[in-house]
Structures are given as structure tokens and as C-alpha cells.
Asks: 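Below is one structure. I have some questions about it.
Order of listing sets the numbers, starting from 1, for every ligand and every atom in it.
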Amino acid sequence: MALGIISGTSLFGTKLVEAAKERAVDTPYGTVYLRVATVHSQEIIFIPRHGKDRTIPPHRMNYKANIRAFKELGVEEIIGVTSVGSLKHTITPQSLVVPHDYISLCSIPTFYDNEIVHVTPGLDEALRKRIIGAARSLGIEIVERGVYFQTVGPRLETRAEINFIKDYADVVGMNMASEATLATELGLRYANISTVDNYAHGIIAEEALDYKAIVEAASKSRENVEKVLLKVIEGMGGGFHN
Ligand code: HPA
């Protein structure tokens, strides 16, 4: 069974799938550019969320095509890697968070446009535990729970918005809820590693936010994310795979 990995800023330029074959996979929702690699004898399907040329912004992502492409290629579990802002002083930039739940009150894509189906969304607990176990075994600190709040993007949030959501969630980002929900709709297991790349707007009063700084911060976490992913992949051959 192939493992799906979908990532944006946090794995820009990753060496993880360096030796991969590039492919374009057609789905009923559009064509998806992806890479297929073998790592520790395990097949990895890697989708760069922003597209081959990193030009697709969050509010224009073809989430349905991405998740459907995983399904077409026989993927049953997906690890999403996302860049987030922290809503809590205690979750500092450079932390890694494995969310256990999420809030997404608008912009919810669905495969069920023409029939009435209500899935119960959630993140896969067994896969979450494997990610946490991998980080622990490497001595990499990881925040083991957290509520992810999804916004639409591409803009960051206002101070008032952050002030409003900070009591209900731990991190804020633009992608995970859509991917997790669509994966659930297709019966795929999904869990996530979020790299905390900044404090959300106004959490630290004087801090100014800009995308360039967020990308730079994300690149600092890349190495740890890659190590954790490699350990999870290694575990799929035996080890702690459920
Ligand atoms: N808000 C939303 N998305 C993000 C942020 C943020 O502060 N940082 C990285 N992705």
C-alpha cells in the first residue's frame, strides 16, 4: 500500500522524494502533478500542494483532484504537512504539531454534490500515533494534540479574527480541514504534521507578519519533518505499523 504525502511550504525543495518519477494523473476533477518514489522499500506518492511550479494559492487549490489522485493510485493513508500560525503563546514558532481535531466553518469542499451523504470528519488516530511515536523515538519534540482552525486564505487573518478564534483552536492554517474532510469522504485515512512558522496576527502584539518570513521559518522545520516522515515510512515495513 502506497503512502500519500501532500505538502506545501513546509516541504518546499524536499530531498525526501528527490529520486522520484514525475507523473500527471487525470481525475474527474482535473489533472494532478505528483511524484512517485520508493523510500525504504515503501512506495510514496507525493503531491506538492501548490503545484509543480508552486503557483497555486490556497483559495484556488484543487483539493478534490488531489485527494482523488491519491485514491486512483491505491493510496489508503495520507500524511498532510501544513504551515500554520500559532494561536497560543505556549506553542512557539519552530514547533511541530500533530492536530487531533479541526474547525472549518466555511469553504468545505465535498465529493457529494449530487447526493445526500454526511460523513463524520476526523483525523486518523492510529496514523497520528505513528507520527508521534516516530518523533518521540528520534527525540524530536512534537505537540501531540491541537485544534487546527482553517481559514480560506490567501490573506492572513485580522487581529480581531485571531482574537475571536484563539480561545477555540491552537493553530491556524489554510489547507488541512479541506484535505482531511475529502479524504474521509473517500474512505482514506488522513493525519497531519503542522509546522508552526509564526505567531498568528496579534498573538505577540508587536510582531509583523509576511509570507517571505513564513516560508523562511518553514524551511527551518523541514529537516525535522523529513526525519519524522522517514521514520514513519521505515516503520511501515514492520515496526510500529498498525
Ligand atoms: N495564518 C494562516 N495560515 C498560516 C499562517 C497564519 O498565521 N502561518 C502559516 N500559514
Asks: If the threshold is 4.0 Å, N to carboxylate O, is there a salt bridge linking K220 and E216?
Replies: no

Asks: Can you report which non-hydrogen protein atom sits closest to atom 2 (C) of ligand 1, along with the distance?
Replies: E157 OE2, 3.0 Å

Asks: Using a strict threshold of under 4.0 Å (side-chain N to carboxylate O), is an ion pair present between E125 and R130?
Replies: no

Asks: Among all protein heavy atoms, pick out the one at the shortest distance from atom 4 (C) of ligand 1; state its residue, atom name and that distance to 0.1 Å.
Replies: V172 O, 3.7 Å

Asks: How far is atom 5 (C) of ligand 1 from its nearest protein heavy atom, and which residue and atom name does that atom have?
Replies: G85 N, 3.4 Å

Asks: Side chain, backbone, both or neither: which applies to T82 and ligand 1 if a contact is any heavy-atom pair less than 4.0 Å apart?
Replies: neither

Asks: If the cut-off is 4.0 Å to any non-hydrogen atom of I214, which atoms of ligand 1 fall inside it?
Replies: 8 (N), 9 (C)

Asks: Answer yes when E144 and R136 have at least one side-chain N-carboxylate O distance shorter than 4.0 Å, and no when they do not.
Replies: yes

Asks: Hey, is K52 close enough to E22 for a salt bridge, meaning N to O under 4.0 Å?
Replies: yes

Asks: Y29 and F111: ring pair (Phe, Tyr, Trp, His ring centres under 6.0 Å), yes or no, with the steps?
Replies: CA-CA 10 Å; Y29 309 100; F111 288 111; 5.4 Å; yes

Asks: Among protein heavy atoms, which sits nearest to atom 10 (N) of ligand 1, and what does the distance come to when rounded to 0.1 Å?
Replies: S83 O, 3.1 Å

Asks: For D197 and ligand 1, answer yes if some heavy atom of the residue is under 4.0 Å from a ligand atom, otherwise no.
Replies: no

Asks: Who's the nearest protein heavy-atom neighbour of atom 6 (C) of ligand 1, and how far?
Replies: L156 CD2, 3.6 Å

Asks: Please name the pair of heavy atoms, one in P48 and one in L34, separated by the smallest distance, quoted to 0.1 Å.
Replies: CD-CA, 4.3 Å

Asks: Using a 4.0 Å cut-off to any heavy atom of N198, which atoms of ligand 1 qualify?
Replies: 5 (C), 6 (C), 7 (O), 8 (N), 9 (C)

Asks: Out of all atoms in ligand 1, which are within 4.0 Å of some heavy atom of M174? Include the element for each.
Replies: 2 (C), 3 (N)

Asks: Under 4.0 Å between a Lys/Arg side-chain N and an Asp/Glu carboxylate O for K64 and D113?
Replies: yes

Asks: Is the closest N or O pair between T151 and ligand 1 shorter than 3.5 Å?
Replies: no

Asks: Let me check something: do L186 and V117 share a hydrophobic cluster, defined by ILVMFWY side-chain heavy atoms less than 4.5 Å apart, either directly or through other members?
Replies: no

